[in-house]
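Report on the following structure.
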There are 2 protein chains.
Amino acid sequence: MMLKESGRNRTQVKIAWHCTCFNIRRASRSVTEYYDSVLAPSGVRATQFTMLGAAALMGPASVTRLAERLALDRTTLTRNLRVLAEEGLVTISAGKDRRERVVQLTEAGQTAIDRATPLWHKAQSRLIENLGEQRWRRMIEDFADLSDLLEENSD
Amino acid sequence: MMLKESGRNRTQVKIAWHCTCFNIRRASRSVTEYYDSVLAPSGVRATQFTMLGAAALMGPASVTRLAERLALDRTTLTRNLRVLAEEGLVTISAGKDRRERVVQLTEAGQTAIDRATPLWHKAQSRLIENLGEQRWRRMIEDFADLSDLLEENSD
DNA sequence: ATCATTTAAGTGTATATACATCTTTTTAAT
DNA sequence: ATTAAAAAGATGTATATACACTTAAATGAT
């Protein structure tokens, strides 16, 4: 009985360290902290830099369109945008379709992007250097494929 | 002037989609939602399954030791553990060293692990199948290397 | 023995994230 | 034209995450 229990535990217990979810979440935390630390002087975080970049890329766009572009839940984006709006980096206003709210980068938002971009380059290039261009490229592909494989595909 | 502006925007704006941080975060969201959806019937989330697994693996351990094992900020773990404690899956009690709090899996915690493990296997094996064993193995290595490279290395 | 230092943990605060549900507005079906 | 269905968004709730700071206990230097 005692031995059986130990055996079960020893087996099950190691599961966690091969878990794809655990491993990618850990890596994601590390990468985020790294980018955040490099971007810190600009006053925007990595996630915010991404959102501002999307807003700049798309021009005035609805919350839903932005959320699709960022592969983020709409409600997540709503709340993340609130922070940017409070800081004056984007405006959120009513659209022609009155259900829609149009997100738009402000001057201050563009300035923030300009401030953050060189730092982002620093973070990005140092990481690529450390990994090797080849391997980094492969990783980015892997990330994209993982997302494509799993997004909206429970079955 | 107009053209210069557009040129700048067009360049900067594409940055976000090559960003390592954005890409790994997106993939991490997808993977997490996938594992969460498969684990749902067990009543534990992917992150909780990992924490329970760590508690099972280590036996009674301090918050700091657990946090190190999980590569999580100590304060993050404190709060995540609170949820597990409220559900009776772990106990958190004073240690011999009175600064320490000892985390310990309960019977109910072990039951939860037992309930979740087959589901975890299902999620994990389906993902590996879809990626191919070879490629999956490589990814796990990449994740680990990313973490090792970036953890505690702001320099 | 006393006190400065280090260590363990918790709290305040803030962001990031998503699901379930509600409200408002538009679109489609009749 | 009226009403049912769909779409866009926000809110309630809950977890996950980390930094700056505080509190309490142990350790070490004298």
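None of the values given here were measured: they were computed from a predicted structure. Residue numbering restarts at 1 for every chain, and letters A, B, ... go by the order of the sequence lines.
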Atom [atom1] of [X] to atom [atom2] of [N]: distance rounded to whole Å?
X: A:Arg82; N: C:dA16; atom1: CZ; atom2: P; value: 12 Å
X: B:Leu77; N: D:dT15; atom1: CG; atom2: P; value: 15 Å
X: A:Arg98; N: C:dT23; atom1: CZ; atom2: P; value: 20 Å
X: A:Leu70; N: C:dA18; atom1: CG; atom2: P; value: 11 Å
X: A:Arg101; N: C:dT25; atom1: CZ; atom2: C1'; value: 13 Å
X: B:Leu81; N: C:dG10; atom1: CG; atom2: C1'; value: 12 Å
X: A:Ile92; N: D:dT11; atom1: CD1; atom2: P; value: 11 Å
X: B:Arg79; N: C:dA9; atom1: CZ; atom2: P; value: 15 Å

For [N], does OP1 or OP2 lie under 4.0 Å from any side-chain N or O of [X]?
X: B:Asn80; N: D:dT17; result: yes
X: A:Arg74; N: D:dA7; result: no
X: B:Arg45; N: C:dA18; result: no
X: A:Arg29; N: D:dA18; result: yes
X: B:Thr76; N: D:dA16; result: no

Query raised in the report: Do you know the tightest heavy-atom contact between B:Gln124 and B:Trp136?
Result: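 Shortest heavy-atom contact: NE2-CZ2, 3.3 Å.
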
Query - Exercise: identify the closest heavy-atom pair between B:Leu77 and B:Ala67 - result: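 Distance-wise, the nearest heavy atoms are CD2-N, 3.3 Å.
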
State which of [options] makes the closest approach to the side chain of [X].
X: B:Thr47; options: D:dT15, C:dC19, C:dA16; result: D:dT15
X: B:Asp97; options: C:dT17, C:dT11, D:dA26; result: D:dA26
X: B:Val63; options: C:dA9, D:dG9, C:dT17; result: C:dA9
X: A:Arg99; options: D:dA16, C:dT26, C:dA16; result: C:dT26
X: A:Leu72; options: D:dG9, D:dA20, C:dA18; result: C:dA18
X: B:Thr78; options: C:dG10, C:dA16, C:dC19; result: C:dG10

Query raised in the report: Across the strands shown, which category fits A:Arg25 at heavy-atom distances under 4.0 angstrom: base, sugar-phosphate, nothing?
Result: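 Sugar-phosphate contact only - A:Arg25 comes under 4.0 Å of backbone atoms but never of a base.
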
Query raised in the report: So what does B:Ser62 touch, heavy atoms closer than 4.0 Å: a base, only the sugar-phosphate, or nothing?
Result: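 B:Ser62: backbone/sugar contact only, no base atoms under 4.0 Å.
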
Query - A:Asp73/B:Arg29 salt bridge by N-O under 4.0 Å criterion - result: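 Here B:Arg29 does not pair with A:Asp73 in a salt bridge, since their nearest N and O are not under 4.0 Å apart.
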
Query raised in the report: Salt bridge or not for A:Arg137 and A:Glu133, using N-O below 4.0 Å?
Result: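 Result for this pair is yes, salt bridge flagged.
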
Query raised in the report: In Å and rounded to the nearest 0.5 Å, what is the CG to CZ distance from A:Leu72 to B:Arg25?
Result: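 So the gap between those two atoms works out to 9.0 Å.
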
Query raised in the report: How many angstroms lie between CG in A:Leu149 and CG in A:Asp142, if you round to the nearest 0.5 Å?
Result: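 These two atoms lie 11.5 Å from each other.
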
Query raised in the report: Given that B:Ala71 and B:Val83 both sit by DNA chain D, which one's nearest nucleotide is further toward the 5' end?
Result: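 Whichever sits nearer the 5' end wins; that is B:Val83.
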
